[in-house]
Amino acid sequence: MAALEIQNINKFYGATQALFDVSLSVGTGEFVTLLGPSGSGKTTLLKILAGFEPVSAGAITLNGQDVTKLSPETRNFGLVFQGYALFPHMTVFDNIAYPLRVRRVGRAEIAERVSAILDLVQLGRFVNRRPNELSGGQQQRVALARALVFKPDLLLLDEPMSALDKKLRTDLQEELRDIHRSLGTTFINVTHDQEEAMHMSDRIAVMDQGRIEQFGTAFELYRQPKSRFVADFVGKSNILEGVLDRSETVAIFRGHGVELALPGCARKGGPADLLIRPEDLTVTREPATHGAIGLPARVLHSTYSGDRALYTLAVEGAPEFLAYGAARSGIFDDGESVTISFTPDGCTLVG
Ligand code: ADP
Ligand code: MG
(Lines give C-alpha, C1' and ligand atoms only; values in the text may rest on other atoms or scores of the structure.)
(Ligands and ions follow the chains in the order given, each with its own letter.)
Protein backbone atom coordinates (compact mmCIF):
# COMPACT_ATOMS: atom_id res chain seq x y z
CA MET A 1 0.00 0.00 0.00
CA ALA A 2 1.27 3.41 -0.84
CA ALA A 3 1.46 5.56 2.30
CA LEU A 4 2.32 8.76 0.51
CA GLU A 5 1.05 9.73 -2.93
CA ILE A 6 2.54 12.78 -4.57
CA GLN A 7 0.44 13.55 -7.61
CA ASN A 8 1.42 15.84 -10.49
CA ILE A 9 2.93 18.61 -8.42
CA ASN A 10 3.91 21.81 -10.16
CA LYS A 11 5.50 24.67 -8.30
CA PHE A 12 6.15 28.21 -9.42
CA TYR A 13 8.10 30.87 -7.54
CA GLY A 14 6.78 33.90 -9.41
CA ALA A 15 7.63 33.22 -13.04
CA THR A 16 10.22 30.51 -12.23
CA GLN A 17 8.97 26.95 -12.33
CA ALA A 18 10.80 24.86 -9.69
CA LEU A 19 8.84 21.59 -10.05
CA PHE A 20 7.37 20.05 -13.18
CA ASP A 21 4.61 17.51 -12.80
CA VAL A 22 6.30 15.57 -10.01
CA SER A 23 4.62 12.29 -9.04
CA LEU A 24 5.88 9.75 -6.53
CA SER A 25 4.31 6.85 -4.73
CA VAL A 26 5.98 5.89 -1.44
CA GLY A 27 5.12 2.75 0.50
CA THR A 28 4.42 2.56 4.23
CA GLY A 29 7.70 2.29 6.12
CA GLU A 30 9.80 2.93 3.04
CA PHE A 31 13.06 4.91 3.13
CA VAL A 32 13.05 7.09 0.04
CA THR A 33 15.75 9.57 -0.92
CA LEU A 34 15.41 12.52 -3.27
CA LEU A 35 18.79 12.74 -4.98
CA GLY A 36 19.87 15.49 -7.32
CA PRO A 37 22.31 18.33 -7.89
CA SER A 38 21.88 21.73 -6.28
CA GLY A 39 18.88 23.55 -7.67
CA SER A 40 17.07 20.43 -8.87
CA GLY A 41 14.05 21.08 -6.63
CA LYS A 42 14.65 18.69 -3.71
CA THR A 43 14.15 21.23 -0.92
CA THR A 44 11.14 22.70 -2.69
CA LEU A 45 9.49 19.28 -2.81
CA LEU A 46 10.33 18.62 0.84
CA LYS A 47 8.96 22.02 1.92
CA ILE A 48 5.77 21.27 0.04
CA LEU A 49 5.51 17.93 1.84
CA ALA A 50 6.10 19.66 5.17
CA GLY A 51 3.45 22.29 4.40
CA PHE A 52 5.85 25.25 4.37
CA GLU A 53 5.24 25.99 0.70
CA PRO A 54 1.91 25.76 -1.11
CA VAL A 55 1.72 23.80 -4.37
CA SER A 56 0.84 25.62 -7.58
CA ALA A 57 -0.95 22.50 -8.79
CA GLY A 58 -1.18 18.87 -7.75
CA ALA A 59 -2.05 16.92 -4.61
CA ILE A 60 -0.48 15.00 -1.73
CA THR A 61 -2.31 12.23 0.07
CA LEU A 62 -1.17 10.30 3.11
CA ASN A 63 -2.89 7.01 3.83
CA GLY A 64 -5.71 8.11 1.55
CA GLN A 65 -6.22 11.48 3.24
CA ASP A 66 -5.66 14.64 1.21
CA VAL A 67 -3.10 16.70 3.15
CA THR A 68 -2.27 19.21 0.40
CA LYS A 69 -3.87 22.15 2.21
CA LEU A 70 -3.16 21.16 5.82
CA SER A 71 -0.95 23.48 7.88
CA PRO A 72 2.49 22.15 8.93
CA GLU A 73 1.37 21.66 12.57
CA THR A 74 -1.57 19.48 11.68
CA ARG A 75 0.40 17.14 9.38
CA ASN A 76 2.16 15.30 12.22
CA PHE A 77 5.40 15.04 10.25
CA GLY A 78 8.88 15.08 11.78
CA LEU A 79 11.46 17.42 10.27
CA VAL A 80 15.25 17.43 10.36
CA PHE A 81 17.07 20.05 8.34
CA GLN A 82 20.73 20.81 7.84
CA GLY A 83 21.80 22.75 10.92
CA TYR A 84 18.22 22.57 12.15
CA ALA A 85 18.28 24.87 15.14
CA LEU A 86 17.74 23.27 18.52
CA PHE A 87 16.45 25.54 21.26
CA PRO A 88 19.80 26.81 22.60
CA HIS A 89 18.60 27.58 26.13
CA MET A 90 16.97 24.17 26.62
CA THR A 91 18.62 20.94 27.69
CA VAL A 92 18.64 17.89 25.45
CA PHE A 93 15.75 16.53 27.50
CA ASP A 94 13.65 19.66 27.08
CA ASN A 95 14.43 19.96 23.39
CA ILE A 96 13.18 16.44 22.79
CA ALA A 97 10.24 16.78 25.17
CA TYR A 98 9.09 19.96 23.42
CA PRO A 99 6.89 18.37 20.72
CA LEU A 100 5.31 16.12 23.35
CA ARG A 101 4.51 19.09 25.61
CA VAL A 102 2.95 20.89 22.64
CA ARG A 103 0.78 17.79 22.20
CA ARG A 104 -0.15 17.83 25.91
CA VAL A 105 1.37 14.45 26.68
CA GLY A 106 1.54 13.69 30.45
CA ARG A 107 4.78 14.06 32.43
CA ALA A 108 5.38 10.39 33.10
CA GLU A 109 4.88 9.45 29.47
CA ILE A 110 7.15 12.28 28.36
CA ALA A 111 9.94 10.99 30.60
CA GLU A 112 9.47 7.49 29.28
CA ARG A 113 9.39 8.44 25.61
CA VAL A 114 12.31 10.85 25.79
CA SER A 115 14.39 8.22 27.51
CA ALA A 116 13.49 5.57 24.93
CA ILE A 117 14.33 7.82 21.98
CA LEU A 118 17.59 8.93 23.62
CA ASP A 119 18.59 5.27 23.82
CA LEU A 120 17.77 4.84 20.17
CA VAL A 121 20.04 7.72 19.13
CA GLN A 122 22.62 6.73 21.76
CA LEU A 123 22.59 10.00 23.63
CA GLY A 124 21.30 8.85 27.02
CA ARG A 125 24.21 10.31 28.97
CA PHE A 126 23.85 13.78 27.46
CA VAL A 127 20.30 14.33 28.65
CA ASN A 128 21.14 17.39 30.77
CA ARG A 129 23.47 19.12 28.34
CA ARG A 130 22.63 22.13 26.28
CA PRO A 131 23.15 22.17 22.47
CA ASN A 132 26.38 24.22 22.68
CA GLU A 133 27.90 21.46 24.84
CA LEU A 134 27.41 18.90 22.07
CA SER A 135 29.29 18.14 18.82
CA GLY A 136 27.63 18.73 15.45
CA GLY A 137 26.83 15.02 15.07
CA GLN A 138 25.32 14.85 18.54
CA GLN A 139 23.20 17.94 17.88
CA GLN A 140 21.88 16.37 14.70
CA ARG A 141 20.98 13.25 16.69
CA VAL A 142 19.06 15.40 19.17
CA ALA A 143 17.24 16.99 16.23
CA LEU A 144 16.48 13.51 14.94
CA ALA A 145 15.21 12.39 18.35
CA ARG A 146 13.02 15.49 18.61
CA ALA A 147 11.57 14.76 15.16
CA LEU A 148 10.81 11.13 16.01
CA VAL A 149 9.68 11.27 19.64
CA PHE A 150 6.04 12.08 18.84
CA LYS A 151 5.81 9.13 16.42
CA PRO A 152 5.33 11.13 13.22
CA ASP A 153 3.49 9.65 10.25
CA LEU A 154 6.38 10.73 8.06
CA LEU A 155 9.94 11.86 8.74
CA LEU A 156 11.38 14.48 6.38
CA LEU A 157 15.15 15.01 6.30
CA ASP A 158 16.81 17.75 4.23
CA GLU A 159 20.56 17.13 3.87
CA PRO A 160 20.80 16.37 7.60
CA MET A 161 24.44 15.30 7.36
CA SER A 162 25.91 17.75 4.89
CA ALA A 163 27.55 19.85 7.64
CA LEU A 164 29.32 16.84 9.19
CA ASP A 165 32.71 15.42 8.29
CA LYS A 166 32.99 12.28 6.19
CA LYS A 167 33.57 9.69 8.93
CA LEU A 168 30.78 11.05 11.09
CA ARG A 169 28.50 11.13 8.09
CA THR A 170 29.08 7.46 7.34
CA ASP A 171 28.45 6.52 10.98
CA LEU A 172 25.27 8.54 11.09
CA GLN A 173 24.09 7.02 7.81
CA GLU A 174 24.29 3.57 9.33
CA GLU A 175 22.62 4.72 12.50
CA LEU A 176 19.81 6.34 10.57
CA ARG A 177 19.24 3.15 8.63
CA ASP A 178 19.11 1.12 11.86
CA ILE A 179 16.71 3.62 13.43
CA HIS A 180 14.53 3.41 10.35
CA ARG A 181 14.49 -0.37 10.58
CA SER A 182 13.59 -0.44 14.24
CA LEU A 183 10.81 2.18 13.98
CA GLY A 184 9.28 1.37 10.60
CA THR A 185 8.40 5.06 10.05
CA THR A 186 8.28 6.29 6.44
CA PHE A 187 11.40 8.40 5.77
CA ILE A 188 11.89 10.93 2.97
CA ASN A 189 15.50 12.06 2.86
CA VAL A 190 17.13 14.68 0.63
CA THR A 191 20.74 14.63 -0.47
CA HIS A 192 23.02 15.56 -3.35
CA ASP A 193 25.41 12.77 -2.31
CA GLN A 194 24.80 9.66 -4.38
CA GLU A 195 26.76 7.38 -2.06
CA GLU A 196 24.67 8.44 0.90
CA ALA A 197 21.50 7.86 -1.12
CA MET A 198 22.65 4.40 -2.21
CA HIS A 199 23.74 3.32 1.28
CA MET A 200 20.56 4.22 3.09
CA SER A 201 17.54 4.12 0.85
CA ASP A 202 15.05 1.49 -0.19
CA ARG A 203 14.39 3.57 -3.29
CA ILE A 204 15.85 6.74 -4.75
CA ALA A 205 14.14 9.43 -6.83
CA VAL A 206 16.77 11.11 -9.01
CA MET A 207 15.84 14.73 -9.68
CA ASP A 208 17.12 17.13 -12.30
CA GLN A 209 15.81 20.60 -13.12
CA GLY A 210 12.57 20.17 -11.25
CA ARG A 211 11.72 16.76 -12.66
CA ILE A 212 12.00 13.21 -11.41
CA GLU A 213 14.28 11.49 -13.89
CA GLN A 214 13.97 8.01 -12.42
CA PHE A 215 12.59 6.35 -9.29
CA GLY A 216 14.00 2.98 -8.36
CA THR A 217 16.35 0.96 -6.17
CA ALA A 218 20.05 1.79 -6.10
CA PHE A 219 20.62 -1.33 -8.20
CA GLU A 220 18.11 -0.27 -10.85
CA LEU A 221 19.55 3.24 -11.09
CA TYR A 222 23.09 1.96 -11.35
CA ARG A 223 22.59 -0.97 -13.71
CA GLN A 224 19.61 0.22 -15.73
CA PRO A 225 19.61 4.03 -15.85
CA LYS A 226 16.75 5.42 -17.89
CA SER A 227 18.57 8.56 -18.98
CA ARG A 228 22.01 9.85 -19.66
CA PHE A 229 21.66 12.14 -16.66
CA VAL A 230 21.03 9.23 -14.27
CA ALA A 231 23.87 7.19 -15.81
CA ASP A 232 26.26 10.09 -15.20
CA PHE A 233 24.98 11.21 -11.81
CA VAL A 234 24.76 7.81 -10.12
CA GLY A 235 28.23 6.27 -9.93
CA LYS A 236 31.12 6.51 -12.34
CA SER A 237 30.39 5.75 -15.95
CA ASN A 238 31.75 5.35 -19.45
CA ILE A 239 29.25 6.25 -22.12
CA LEU A 240 29.75 5.56 -25.81
CA GLU A 241 27.49 7.42 -28.20
CA GLY A 242 26.54 5.44 -31.26
CA VAL A 243 23.83 3.72 -33.21
CA LEU A 244 21.94 0.50 -32.66
CA ASP A 245 21.49 -1.48 -35.86
CA ARG A 246 19.09 -4.29 -35.63
CA SER A 247 17.72 -7.08 -37.72
CA GLU A 248 15.09 -9.54 -36.54
CA THR A 249 17.65 -11.71 -34.83
CA VAL A 250 20.43 -9.48 -33.65
CA ALA A 251 21.11 -6.00 -32.29
CA ILE A 252 24.51 -4.47 -32.90
CA PHE A 253 25.79 -1.33 -31.24
CA ARG A 254 28.31 0.70 -33.24
CA GLY A 255 30.10 3.76 -31.95
CA HIS A 256 33.63 5.09 -31.39
CA GLY A 257 35.11 2.15 -33.26
CA VAL A 258 33.32 -0.36 -31.05
CA GLU A 259 31.10 -2.97 -32.64
CA LEU A 260 29.21 -5.05 -30.14
CA ALA A 261 26.41 -7.59 -30.54
CA LEU A 262 23.91 -7.34 -27.71
CA PRO A 263 22.10 -10.66 -27.29
CA GLY A 264 18.59 -10.37 -25.92
CA CYS A 265 18.40 -6.63 -26.60
CA ALA A 266 14.80 -5.77 -27.47
CA ARG A 267 15.38 -2.10 -28.22
CA LYS A 268 14.50 -0.74 -31.63
CA GLY A 269 17.26 0.62 -33.81
CA GLY A 270 18.47 4.23 -33.83
CA PRO A 271 20.81 6.48 -31.87
CA ALA A 272 21.91 4.82 -28.63
CA ASP A 273 24.19 5.38 -25.64
CA LEU A 274 26.13 2.39 -24.39
CA LEU A 275 26.99 2.41 -20.68
CA ILE A 276 29.99 0.50 -19.32
CA ARG A 277 30.75 0.84 -15.62
CA PRO A 278 34.46 1.08 -14.65
CA GLU A 279 34.33 -2.27 -12.81
CA ASP A 280 33.08 -3.99 -15.96
CA LEU A 281 36.30 -3.15 -17.80
CA THR A 282 39.49 -5.17 -17.48
CA VAL A 283 42.88 -3.53 -17.90
CA THR A 284 45.72 -5.79 -19.06
CA ARG A 285 49.09 -5.65 -20.79
CA GLU A 286 48.00 -8.55 -22.97
CA PRO A 287 45.46 -8.40 -25.83
CA ALA A 288 41.81 -9.13 -25.01
CA THR A 289 40.83 -12.75 -24.45
CA HIS A 290 38.63 -14.54 -26.94
CA GLY A 291 35.00 -13.34 -26.83
CA ALA A 292 35.82 -9.97 -25.30
CA ILE A 293 36.09 -6.62 -27.08
CA GLY A 294 39.53 -5.12 -26.63
CA LEU A 295 40.57 -1.51 -27.18
CA PRO A 296 44.18 -0.35 -27.22
CA ALA A 297 44.56 2.34 -24.58
CA ARG A 298 47.14 4.46 -22.82
CA VAL A 299 47.12 5.10 -19.08
CA LEU A 300 46.75 8.83 -18.42
CA HIS A 301 46.74 8.61 -14.66
CA SER A 302 45.61 6.46 -11.79
CA THR A 303 44.41 6.79 -8.23
CA TYR A 304 45.28 3.97 -5.86
CA SER A 305 42.96 3.29 -2.92
CA GLY A 306 44.53 0.13 -1.48
CA ASP A 307 41.89 -2.34 -2.60
CA ARG A 308 42.08 -1.23 -6.22
CA ALA A 309 43.24 1.40 -8.66
CA LEU A 310 41.08 3.66 -10.78
CA TYR A 311 42.62 4.37 -14.16
CA THR A 312 41.86 7.20 -16.54
CA LEU A 313 42.69 5.96 -20.02
CA ALA A 314 42.97 7.47 -23.47
CA VAL A 315 41.49 5.50 -26.35
CA GLU A 316 41.85 6.76 -29.91
CA GLY A 317 38.60 8.06 -31.37
CA ALA A 318 36.72 7.70 -28.09
CA PRO A 319 36.21 9.74 -24.92
CA GLU A 320 38.48 9.03 -21.94
CA PHE A 321 37.66 5.79 -20.13
CA LEU A 322 37.54 5.08 -16.41
CA ALA A 323 38.41 1.54 -15.37
CA TYR A 324 39.07 -0.20 -12.09
CA GLY A 325 41.96 -2.61 -11.86
CA ALA A 326 42.96 -5.07 -9.15
CA ALA A 327 46.04 -3.63 -7.47
CA ARG A 328 47.41 -6.66 -5.62
CA SER A 329 50.39 -7.11 -7.90
CA GLY A 330 51.10 -3.48 -8.67
CA ILE A 331 49.53 -0.75 -10.73
CA PHE A 332 50.15 0.35 -14.29
CA ASP A 333 52.33 3.38 -14.84
CA ASP A 334 51.17 6.61 -16.40
CA GLY A 335 51.87 6.48 -20.12
CA GLU A 336 51.85 2.68 -20.26
CA SER A 337 50.16 0.99 -23.24
CA VAL A 338 47.44 -1.42 -22.20
CA THR A 339 44.29 -3.09 -23.46
CA ILE A 340 40.91 -2.40 -21.95
CA SER A 341 38.41 -5.14 -22.59
CA PHE A 342 34.78 -5.86 -21.88
CA THR A 343 32.03 -8.29 -22.77
CA PRO A 344 28.38 -7.61 -23.75
CA ASP A 345 27.07 -8.63 -20.32
CA GLY A 346 28.99 -5.72 -18.77
CA CYS A 347 27.24 -3.23 -21.07
CA THR A 348 23.83 -1.63 -20.90
CA LEU A 349 22.02 0.65 -23.30
CA VAL A 350 20.91 3.79 -21.46
CA GLY A 351 17.16 4.36 -21.52
P1 ADP B 1 17.65 21.94 -4.25
O2 ADP B 1 17.16 21.76 -2.87
O3 ADP B 1 17.59 20.70 -5.09
O4 ADP B 1 19.03 22.54 -4.29
P5 ADP B 1 15.64 24.00 -4.45
O6 ADP B 1 14.34 23.31 -4.27
O7 ADP B 1 16.18 24.76 -3.30
O8 ADP B 1 16.71 22.99 -5.02
O9 ADP B 1 15.51 25.02 -5.67
C10 ADP B 1 14.92 24.67 -6.91
C11 ADP B 1 14.81 25.91 -7.78
O12 ADP B 1 13.86 26.81 -7.25
C13 ADP B 1 16.10 26.68 -7.92
O14 ADP B 1 16.20 27.14 -9.22
C15 ADP B 1 15.94 27.81 -6.93
O16 ADP B 1 16.68 28.92 -7.32
C17 ADP B 1 14.46 28.08 -6.99
N18 ADP B 1 13.94 28.56 -5.70
C19 ADP B 1 13.98 27.90 -4.52
N20 ADP B 1 13.39 28.61 -3.53
C21 ADP B 1 12.97 29.77 -4.10
C22 ADP B 1 12.27 30.93 -3.63
N23 ADP B 1 11.87 31.04 -2.35
N24 ADP B 1 12.01 31.90 -4.53
C25 ADP B 1 12.38 31.79 -5.81
N26 ADP B 1 13.03 30.74 -6.33
C27 ADP B 1 13.32 29.73 -5.50
MG1 MG C 1 18.18 21.96 -0.97
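Both ligands and their constituent atoms are indexed starting at 1 by order of listing.
- Side chains of N76 and T74: no donor on one and acceptor on the other come within 3.5 Å.
- Shown here is R103, whose CZ atom has more than 12 heavy atoms of other residues, nucleotides or ligands within 6.0 Å.
- For atom 7 (O) of ligand 1, the nearest non-hydrogen atom of the protein is T43 CB, 3.8 Å.
- Residue contacts to the Mg ion (ligand 2): T43 brings an N, O or S atom closer than 2.8 Å.
- Looking at N128 and T91, their side chains never bring a donor and an acceptor atom within 3.5 Å of each other.
- When distances from atom 25 (C) of ligand 1 to the protein are checked, a heavy atom turns up under 4.0 Å.
- Closest to atom 12 (O) of ligand 1 among all protein heavy atoms lies A18 CB, 3.5 Å.
- Ligand-side atoms of ligand 1 in range of P37: 3 (O), range being under 4.0 angstrom from any heavy atom.
- Within the 4.5 Å cutoff, the side chain of I9 has heavy atoms near those of the I48 side chain.
- Interatomic distance, L240 CG to L274 CG, rounded to the nearest 0.5 Å: 5.5 Å.
- Considering G41, S40, G39 only, the shortest heavy-atom separation from atom 14 (O) of ligand 1 involves G39.
- Of all protein heavy atoms, the one lying nearest to atom 27 (C) of ligand 1 is Y13 CD1, 3.2 Å.
- A cation-pi contact, defined as under 6.0 Å to the ring centre and within 45° of the axis, is absent between R146 and Y98.
- Looking at atom 6 (O) of ligand 1, its nearest protein heavy atom turns out to be T44 OG1, 2.5 Å.
- Salt bridge annotation for E220-R203: absent, with no cationic side-chain nitrogen under 4.0 angstrom from a carboxylate oxygen.
- Of the protein's non-hydrogen atoms, K42 NZ, 2.8 Å is the one closest to atom 3 (O) of ligand 1.
- For atom 16 (O) of ligand 1, no protein heavy-atom neighbour is present inside the 4.0 Å cut-off.
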